[in-house]
Amino acid sequence: MWLMGLEDEFKAAVKSIKRQKFVHSTNNFAPFFETIIRYLGGYLSAYALSGERVLLSLADDLGSRLIPAFNTKTIGFPAGSVNPANGDVGYATRAGTTMLLAELASCQLEYKYLSKLTGRPEYYERVENVMTHLYAADQYHGLFSERWLFNGSATDQHYTAGGGTDSAYEYFLKQYLLTGDLKAKEQYLKSMEGMINKMLFVTPERGLLYLTDIFGKEEKPDDQLEHLSCFLPGLLALGAQQLDDLPPKTRQLHQWAAEGLAYTCWVLYADQRSGLGPDNAKMVNGGRWVDKLKKWEEEGAHGKPPGLRAPRPEKDVTKRDYFYSSWRGTWLMRPETIESIYLMWKTTGDKVWRERGYAIYQAIEKHTKTTYGYSSVSTVDSSAPALTDDMPSYFLAETLKYLYLLFDDDDPISLDQWVFNTEAHPLPVFTWDEEERAAFNLTTAPVR
Ligand code: DMJ
């Protein structure tokens with residue numbers, strides 16, 4: 001609302017939540033990850049944009065109610081849920097009794113900024129402790145397992161940038177962008193090198209670049225491209241623009257990967273008769289991207305690099321180089337493709353990304369609008385897709401926000417001043433002063 005200039009509506013909304021306490025009964029547990037990225041991130045961002053003090057008190061109240069999640073009696077990985085009334089922790093998680101990497105490592109931006117605003121070191125220390133353990137944990141070429149025990153060991157060799165891990169990789173780069181944290185930057189670069197070398201493939205006929213999960217030391221790909229993974233091109237584009245000291249070859253590689261992946265994520269929308277993309281597609285594997293790049297370079301680097309040839313949208317399902325089962329052909333109103341399109345537009349200035357985003361906007365308006373809101377759809381390859389009567393909150397927080405900003409010529413969010421958390425709530429870049437550095441035991445020099 002604030003970004004759209006709806007200040008009266010914003011003030012009314014602040015008034016209506018000013019006594020929000022997150023304590024309904026002593027039996028209720030709040031999911032740690034979702035509550036952090038949505039509510040804590042939302043309060044902090046709205047405070048940073050508007051300066052409304054009550055939002056900072058709400059953030060501090062919620063942050064202190066959730067911080068007992070780290071009292072897991074082992075190395076301090078957070079529990080899956082926490083009771084905001086009494087601080088009891090709940091070990092049951094979306095992944096049984098293990099924690100997903102994304103749940104462990106997607107609270108750092110919010111708690112570090114809260115620590116900056118309140119001066120409370122425990123917020124910083126608890127989340128940085130998780131980072132310290134992750135930096136020291138077993139990694140496979142910079143890639144992390146998806147599931148973790150509370151003693152800090154991983155339980156699988158499943159390497160993915162999809163649902164179970166996505167925002168952890170996002171927060172490596174963004175911790176650096178927000179606070180100048182050099183260790184996080186180093187981890188980001190190491191992880192991206194692993195992803196580019198191991199997890200990117202190209203389809204055989206259309207040459208679509210895609211990202212997929214790999215398993216075990218044999219690096220077996222499952223060739224599924226999740227909509228959730230479509231945040232990665234935007235992240236790579238952001239890093240390529242914001243990391244001043246990237247070697248030119250690395251910057252080029254990240255830009256190419258961003259462009260090819262963002263195109264594939266978009267064409268998965270453009271191919272469908274509704275213009276909305278499936279939640280998951282099984283791609284046909286035509287080989288590893290880095291091998292194709294090497295061959296292209298050896299043969300004189302003529303034309304566009306492999307994976308960047310942007311084939312036309314394809315209505316014939318037999319010629320698409322991917323397929324999906326009917327239950328995967330749902331559009332769940334997710335933001336990742338629009339998020340990457342927005343970041344491609346902001347980092348390249350190429351209007352083609354606005355045009356692509358506009359095609360998605362038109363499909364949303366045409367097929368998903370209802371009397372009281374918008375809806376997910378169950379059949380994307382249809383000219384009249386069926387609605388499912390469901391509108392997740394991330395549609396407003398992320399999908400529509402990125403769409404709005406994509407077409408805002410006066411976009412107030414400058415990417416070197418603001419960092420979007422994983423729920424699209426912008427937080428302002430800051431540095432730690434000498435006093436904070438001493439209090440929080442910060443050793444690396446700030447660089448931004
Ligand atoms: C959002 O809640 C966040 O972006 C999260 O990190 C993963 N994806 C969902 C929406 O798809």
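Counting starts at 1 for both ligands and their atoms, following the listed order. Side chains are part of it too, since the values below use all heavy atoms of this structure and drop only hydrogens, waters and symmetry mates.
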Peer 1: When you check the gap from the basic side-chain N to the acidic O, do Arg38 and Glu423 get nearer than 4.0 Å?
Peer 2: yes
Peer 1: Report each N/O pair between ligand 1 and the protein that falls under 3.5 Å, naming both atoms.
Peer 2:
residue: ligand 1; atom: 2 (O); partner: Arg38; partner atom: NH2; Å: 3.0
residue: ligand 1; atom: 2 (O); partner: Glu423; partner atom: OE1; Å: 2.7
residue: ligand 1; atom: 4 (O); partner: Glu398; partner atom: OE1; Å: 3.3
residue: ligand 1; atom: 4 (O); partner: Glu398; partner atom: OE2; Å: 3.3
residue: ligand 1; atom: 4 (O); partner: Thr422; partner atom: O; Å: 2.7
residue: ligand 1; atom: 6 (O); partner: Thr422; partner atom: OG1; Å: 2.7
residue: ligand 1; atom: 8 (N); partner: Glu336; partner atom: OE2; Å: 3.2
residue: ligand 1; atom: 11 (O); partner: Arg334; partner atom: NH1; Å: 2.9
residue: ligand 1; atom: 11 (O); partner: Glu336; partner atom: OE2; Å: 2.7

Peer 1: To the nearest 0.5 angstrom, please state how far the NE2 atom of His141 sits from the CE atom of Met195.
Peer 2: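 So the NE2 of His141 and the CE of Met195 are separated by 13.5 Å.
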Peer 1: Is the number of heavy atoms from other residues, nucleotides or ligands within 6.0 Å of OH (Tyr361) greater than 12?
Peer 2: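 No, the 6.0 Å shell around OH holds no more than 12 heavy atoms from other groups.
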Peer 1: Would you call the rings of Tyr324 and Tyr322 parallel, tilted or perpendicular if under 30° counts as parallel and over 60° as perpendicular?
Peer 2: parallel
Peer 1: With under 30° as parallel and over 60° as perpendicular, where do the rings of Tyr374 and Phe395 fit, or are they tilted in between?
Peer 2: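 Plane angle between 30° and 60°, so tilted.
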Peer 1: Tell me the salt bridge (charged side-chain N to carboxylate O under 4.0 Å, His left out) pairs involving residues 156-172, sequence neighbours left out?
Peer 2: Glu170-Lys174
